[in-house]
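Predicted model only: the values in this text are computed from it and were never measured. Counting starts at 1 for both ligands and their atoms, following the listed order.
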Amino acid sequence: MNPTFTYQQDQLYIENVALADIARQYGTPCYVYSQAALTQAYREYADALSTRDNLICFAVKSNPNLSILALFAKLGAGFDIVSGGELQRVLAAGGEAGKVVFSGVGKSVAEMRLALEAGIHCFNVESAAELHRLNEVAGSMGKVAPVSFRVNPNVDAKTHPYISTGLKKSKFGVAYDDALALYREASRLPHLKITGIDCHIGSQLTEISPFVAAAEKVIQLVDALAKDGIHLEHIDFGGGLGIRYNEETPPAIADYAAALLQVMDKRKEKLILEPGRVMVGNAGVLLTTVEYLKPGEEKHFAIVDAAMNDLMRPALYDAYHQILPLRRKNIPSMSYEVVGPVCESGDFLGHDREMAVEQGDVLAVMSAGAYGMSMSSNYNTRPRAAEVLVDGSSVKLIREREKVNDLLAAEKIFL
Ligand SMILES: *Cc1c(COP(=O)(O)O)cnc(C)c1O
């Protein structure tokens, strides 16, 4: 477990604050993040890459709260975005457009215009059709779009199929074997400037070897391009470094970075990385209250007030999150299915969890800082959770709990 979270006199703390106090003040479900843990993850990246020209682009989709983005922006981060909406968030949080890379297979004309207007660092182009659209849009605005191709190195990330993105069958990136021809094509288009190359092979990788394999293939392309007279300013190896949810033993940030630096060796290009999960995942928890304990014939259920709409990862990927009581109690423990109130059998947060809990107790779903709040929905007309940021002893509400009236406001009755 992250040392940010510690038991003190049987109470679970985040930094210097008892999580029970946060649950009491802001209610549950509630996401709580540690500023120290967020800062530390960023610093580990920055320190590991400090020997060379680099840009660390936080992947906004992993946790897009404005305060989180503002924190990373202050620390010097750039951002990896996958929509125009995310660009607006970055700008609203004080991030620099010039440090933004724009990924994604389906960029719309409106999104391209927004990004060109703002002056982003680079478009990570994922198809020939997108390349031509970008050229036209830039031309119509009298601008030149900075371009990188996201190449698909056909490397198996050995992670869950839903978060594996670097195989030939993936919808992401351009085929490795097509890349040279596409760069030549791009070099002939008047409103584009080729600036880089990128890849992103998947998420929650727990080994270094696929990263290195992908990086080596990307470098081979860079060299082939140079022979063709196409010289790149940056090389972007994407994100994907995994975290410890349960028994995983992901590489340390420093070791991962050292392996990539070795592949880069004495090359001059700027190194860009796009970490998401590893920057925020273990910095956050989701607090949830036990509404009922429901004994069953085969299973006992702990029915909690957070559900798949709040934290989708267990339902979507069968993902594991450790679940801890905020107060350790001296009562008999039992094995529970930890489930939410949503009307789906897939609505669970954990299976077979041995816990000593009673109705009304609050639990912390650990490692919920990445792809938690950002994937939440209003399914079952459930307002989204509050978000809180802790810095030492200071506690700040960084997103108010949604109200049902917010959900109804955009709808109209025509009968
Ligand atoms: C999601 C994503 C990332 C971040 O991935 P993590 O596994 O959270 O580090 C980086 N780059 C691209 C293009 C992405 O889609």
(message) Give me each pair satisfying ring pair (Phe, Tyr, Trp, His ring centres under 6.0 Å) with a member in residues 35-58, each pair once, sequence neighbours excluded.
(response) Phe58-Phe72
Using a 4.0 Å cut-off to any heavy atom of [X], which atoms of ligand 1 qualify?
| X | answer |
| --- | --- |
| Tyr371 | 1 (C), 4 (C), 5 (O), 6 (P), 8 (O) |
| Ser103 | 13 (C) |
| Arg150 | 13 (C) |
| Ser203 | 6 (P), 7 (O), 8 (O) |
| Gly239 | 9 (O), 10 (C) |
| Ala59 | 3 (C), 4 (C) |
| Arg277 | 6 (P), 8 (O), 9 (O) |

(message) Taking a cutoff of less than 4.0 Å between a non-hydrogen atom of the residue and any ligand atom, is Met279 in contact with ligand 1?
(response) no
(message) Tell me whether Val278 reaches ligand 1 (any heavy atom closer than 4.0 angstrom to a ligand atom).
(response) no
(request) Could you give me the CA-CA distance, side-chain angles and deciding distance for Arg277 and Ser203, then say whether side-chain hydrogen bond (donor to acceptor under 3.5 Å, both in side chains) is met? (result) CA-CA 8 Å; Arg277 186 188 312 271; Ser203 199; 2.8 Å; yes
(request) Pick out which of Leu87, Leu69, Ile120, Val101 makes a side-chain contact (heavy atoms from CB on, under 4.5 Å) with Phe79. (result) Leu69
(request) Identify the residue among Leu363, Asp310, Asp361 that makes a side-chain contact (heavy atoms from CB on, under 4.5 Å) with Thr288. (result) Leu363
(request) Ignoring angles and geometry beyond distance, decide whether Ser62 reaches within less than 3.5 Å of ligand 1 through its nitrogen or oxygen atoms. (result) no
(message) For ligand 1 and Leu241, I'd like to know whether there is a polar contact (N/O to N/O, distance under 3.5 Å).
(response) no
(message) A quick test of your reading: do over 12 heavy atoms of other residues, nucleotides or ligands sit less than 6.0 Å from CZ of Arg327?
(response) no
(message) Applying side-chain hydrogen bond (donor to acceptor under 3.5 Å, both in side chains) to Gln220 and Glu216, what does each step give before you reach the verdict?
(response) CA-CA 6 Å; Gln220 279 168 26; Glu216 282 171 347; over 6 Å; no
(message) Heavy atom to atom 9 (O) of ligand 1, shortest distance: which of Gly173, Gly240, Cys199, Gly104 holds it?
(response) Gly240
Around [atom], find the nearest protein heavy atom and jot down its residue, atom name and distance.
| atom | value |
| --- | --- |
| atom 5 (O) of ligand 1 | His200 CE1, 3.3 Å |
| atom 10 (C) of ligand 1 | Glu274 O, 3.2 Å |
| atom 1 (C) of ligand 1 | Lys61 NZ, 1.3 Å |

(message) Using the rule given for side-chain contact (heavy atoms from CB on, under 4.5 Å), can you reason through Ser333 versus Met355, listing the C-alpha separation, both sets of side-chain angles and the distance that settles it, and then say yes or no?
(response) CA-CA 5 Å; Ser333 72; Met355 297 191 301; 5.9 Å; no
(request) Indicate, with yes or no, if the rings of Tyr183 and Phe149 have centres closer together than 6.0 Å. (result) yes
(request) Run the numbers on Arg150 and Val174 for side-chain contact (heavy atoms from CB on, under 4.5 Å), then give the verdict. (result) CA-CA 6 Å; Arg150 174 172 176 178; Val174 301; over 6 Å; no
(request) Answer yes or no: is there an ion pair linking Glu233 with Lys193, defined by an N-O contact shorter than 4.0 Å? (result) yes
